[in-house]
Amino acid sequence: MSFAIYLKRFGLAAAGLFLAGSMLLAPAFAEENALFPVDTSSPRATMQTLQMLVAAMENTISSDTAPKGPQQQQAEMFRLMQKLTSLLDLSNISPANRRDTARDTIAFLVDVIRRLDVPPIAEIPGADQFPDVTKPGSWTIPGSEITISRVMSGPKAGRFLFDSDTVARSREFYSVLKHFPLRVPALIPSWRERQIQIHGWMISGNVVDALPRPLKRPFLDTPIWKILSSLSIILVLGGTLIALSRLTRPNAGSHTYVSYVQRLFLPLAALLATQAASYINNFQIVTIGRYSAFLDLALALAWFVAAAWAAWLIIFAFMEWIIASPKIPDQSLDANLLRLLARILGLLTVAAIVAYGGQELGLPVVGVVAGLGVGGLAVALAAQSSIENLIGGLNLYADRPIRVGDFCDYAGIQGHVEHIGLRST
């Protein structure tokens, strides 16, 4: 099968995935509801905002006041949840896990606070009791360890948010108080139980209701039917990638720019597949809790690996395209220099993507880089002779004393120059 047919097939598949993804993601990017501004200027304002948003969320979920259509209902729920999670200090949570942690924490806190004797809003400290914005300030709900503190650094500096310790211990608080009676009336008695069974608008509620009871039992905080559904989606996407790899596999040992473009199809498709799996799991199947955190971590890792792979191939495809021009012979100094440049740029780009991905996944990238610096110095000292040969090869590239095809006579050894590499000629 010709390369043109491969390209046509991949283009149609990519276009289909892009259009489908655009339709699926549309609800998530709807405009924010201006009727519910987030005020975190004081503990009183934060608590008042929480109560207002919780009431709005319950009205949205209830059948008699929900917006028209399940898609619009989910879009409104998403907007309100975004505002609710902005009340949390998530600075100690890795970016890859913030969404899952935030959703779980909100459900835990709502259920816990409704079972506490919370003072009236007027008795909670307002902004006038914390006039100096440069000084720390906090307020703890009486009879609990749930604390609202002023953030002192970062993009949310000055705001009063539920502090990082409250976020980290919210599950613990919920496990202690979940069987206590409610102190206030509520449309949804347990946010956590409702959160476990909730799903997106693309999944029929009648189908979920008809499922056997054992499939609705949670495992790792997620119902078994959701786990089976998410794994099925991942298997289907994985099978599609395997089929695509066979269709676009170039000839073995080929290193032309066309072969690099063929190899590029697979990582680009993997990027689309991980995005699609992430959306379906988070906004349609709606996996939550520990299972969702593990799944999001795995998908994020797969995305960064595919991104690094794609960047590497793009750089080599571009350099080989330049070398393929009539002005640059394939084994010339310029061709080898461009390939060397491709390797250097590829390594730097992959390293940057890996570092950024590690930071998103919560790894101590700064410490790892410092350790690699010390290790690199040790390796450099141990490989001194190899480095000398490498520098000698770079000198040949820079000074150009010989070219491919030149006849040389050195200490009685005669011959034509056939190839100039980094370490051998």
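This structure is a prediction, so every number in the text was calculated from the model and none was measured.
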Sidechain-backbone polar pair: Gln197 side chain, Lys216 backbone, donor-acceptor under 3.5 Å: yes
Separation of Gln48 CD from Ile121 CD1 (nearest 0.5 Å): 5.5 Å
All salt bridge (Lys or Arg N to Asp or Glu O under 4.0 Å) counterparts of Glu193, not counting sequence neighbours: none
Arg169 CZ to Ser175 OG distance, which is reported to the nearest 0.5 Å: 10.0 Å
Intermediate values then yes/no, side chain to side chain donor-acceptor pair (under 3.5 Å), Thr40 and Thr46: CA-CA 5 Å; Thr40 54; Thr46 300; 5.2 Å; no
Distance-minimising heavy-atom pair for Ala342 and Met319: CB-CG, 3.4 Å
Pairs meeting criterion ring pair (Phe, Tyr, Trp, His ring centres under 6.0 Å) with involvement of residues 217-250, two or more places apart: none
Listed partners of Arg194 passing salt bridge (Lys or Arg N to Asp or Glu O under 4.0 Å), at least two apart: none
Gly346 backbone acceptor or donor facing Thr349 side chain under 3.5 Å: no
Polar side-chain atom of Thr166 near backbone of Phe162 as donor-acceptor pair, under 3.5 Å: no
Flag, side chain of Thr287 to backbone of Ser292, donor-acceptor distance under 3.5 Å: no
Pairwise distance CD1(Ile224) to NZ(Lys226) - rounded to 0.5 angstrom: 13.0 Å
Nearest heavy atoms of Phe304 and Ile353, plus distance in Å: O-CG2, 3.7 Å
Student check: side-chain heavy atoms of Arg150 and Pro136 closer than 4.5 Å: no
Side-chain heavy-atom pair Asp89, Ser149 within 4.5 angstrom cut-off: no
Side-chain heavy-atom pair Gln72, Trp201 within 4.5 angstrom cut-off: no
Glu172 with Lys178: basic N within carboxylate O range, under 4.0 Å: no
Smallest separation among heavy atoms of Phe265 and Leu244, with atom names: O-CD2, 4.0 Å
Considering all heavy atoms, the nearest Ala302-Thr274 contact: CB-CG2, 3.9 Å
Charged N-O contact under 4.0 Å between Asp221 and Arg171: yes
Arg114 (side chain) donor-acceptor with Ala186 (main chain) under 3.5 angstrom: no
Note, Pro125 side chain near Ser42 side chain (heavy atom, < 4.5 Å): no
Donor-acceptor pair, side chain of Gln74 and main chain of Phe283, under 3.5 angstrom: yes
Between CG on residue Leu235 and OG1 on residue Thr240, distance to nearest 0.5 Å: 10.5 Å
Verdict with supporting geometry, Glu58 and Trp191, side chain to side chain donor-acceptor pair (under 3.5 Å): CA-CA 9 Å; Glu58 292 189 337; Trp191 271 45; 2.9 Å; yes
Pairwise side-chain contact, Ile196 with Ile288, heavy-atom cut-off 4.5 Å (strictly under): yes
Leu116 side chain reached by Ile146 side chain, heavy atoms, under 4.5 Å: yes
Validation row: Leu109, Leu88 side chains within 4.5 angstrom (heavy atoms): yes
Residues Asp165, Thr147; criterion side chain to side chain contact (heavy atoms under 4.5 Å, CB included); working and verdict: CA-CA 8 Å; Asp165 184 65; Thr147 303; over 6 Å; no
Ring pair (Phe, Tyr, Trp, His ring centres under 6.0 Å): pairs with one or both residues in residues 106-154, sequence neighbours excluded: Phe108-Tyr174, Phe130-Phe160
Thr101 side chain vs Arg98 backbone, donor-acceptor pair below 3.5 Å: no
Heavy-atom pair of closest approach, residues Leu295 and Ile234: CD1-CD1, 3.4 Å
Shortest non-hydrogen contact between Ile124 and Gln129, atoms and distance: O-OE1, 4.4 Å
Interatomic distance, Leu161 atom CG to Ser138 atom OG [nearest 0.5 angstrom]: 12.5 Å
Test log, rule side chain to side chain contact (heavy atoms under 4.5 Å, CB included), inputs Ile61 and Met77: CA-CA 8 Å; Ile61 294 174; Met77 290 168 59; 4.1 Å; yes
Stepwise side chain to side chain donor-acceptor pair (under 3.5 Å) check, Asp296 with Asn97: CA-CA 7 Å; Asp296 282 351; Asn97 287 329; over 6 Å; no
Evaluation steps, salt bridge (Lys or Arg N to Asp or Glu O under 4.0 Å), between Arg263 and Glu320: CA-CA 13 Å; Arg263 293 185 180 97; Glu320 290 295 338; over 6 Å; no
Ile141 side chain near Asp117 side chain, heavy-atom distance below 4.5 Å: no
Under the ring pair (Phe, Tyr, Trp, His ring centres under 6.0 Å) test, residues paired with Trp303 that sit two or more places apart: none
Electrostatic pair Asp100-Arg103, nearest N-O below 4.0 angstrom: yes
Backbone of Ala107 reached by a side-chain donor or acceptor of Gln195 within 3.5 Å: no
Ser278 (side chain) donor-acceptor with Gln275 (main chain) under 3.5 angstrom: no
Trace of the salt bridge (Lys or Arg N to Asp or Glu O under 4.0 Å) decision for Asp111 with Arg192: CA-CA 7 Å; Asp111 284 343; Arg192 182 57 173 177; over 6 Å; no
Intermediate values then yes/no, side chain to side chain contact (heavy atoms under 4.5 Å, CB included), Leu272 and Leu268: CA-CA 7 Å; Leu272 291 173; Leu268 290 180; over 6 Å; no
Straight-line distance of Ile280 CD1 to Ser232 OG, nearest 0.5 Å: 11.5 Å
Partners meeting side chain to side chain contact (heavy atoms under 4.5 Å, CB included) with Asn92 (sequence neighbours left out): Ser164
Side chain to side chain contact (heavy atoms under 4.5 Å, CB included) between Phe318 and Tyr260, intermediate numbers included: CA-CA 9 Å; Phe318 179 71; Tyr260 280 112; over 6 Å; no
Polar side-chain atom of Thr49 near backbone of Val38 as donor-acceptor pair, under 3.5 Å: no
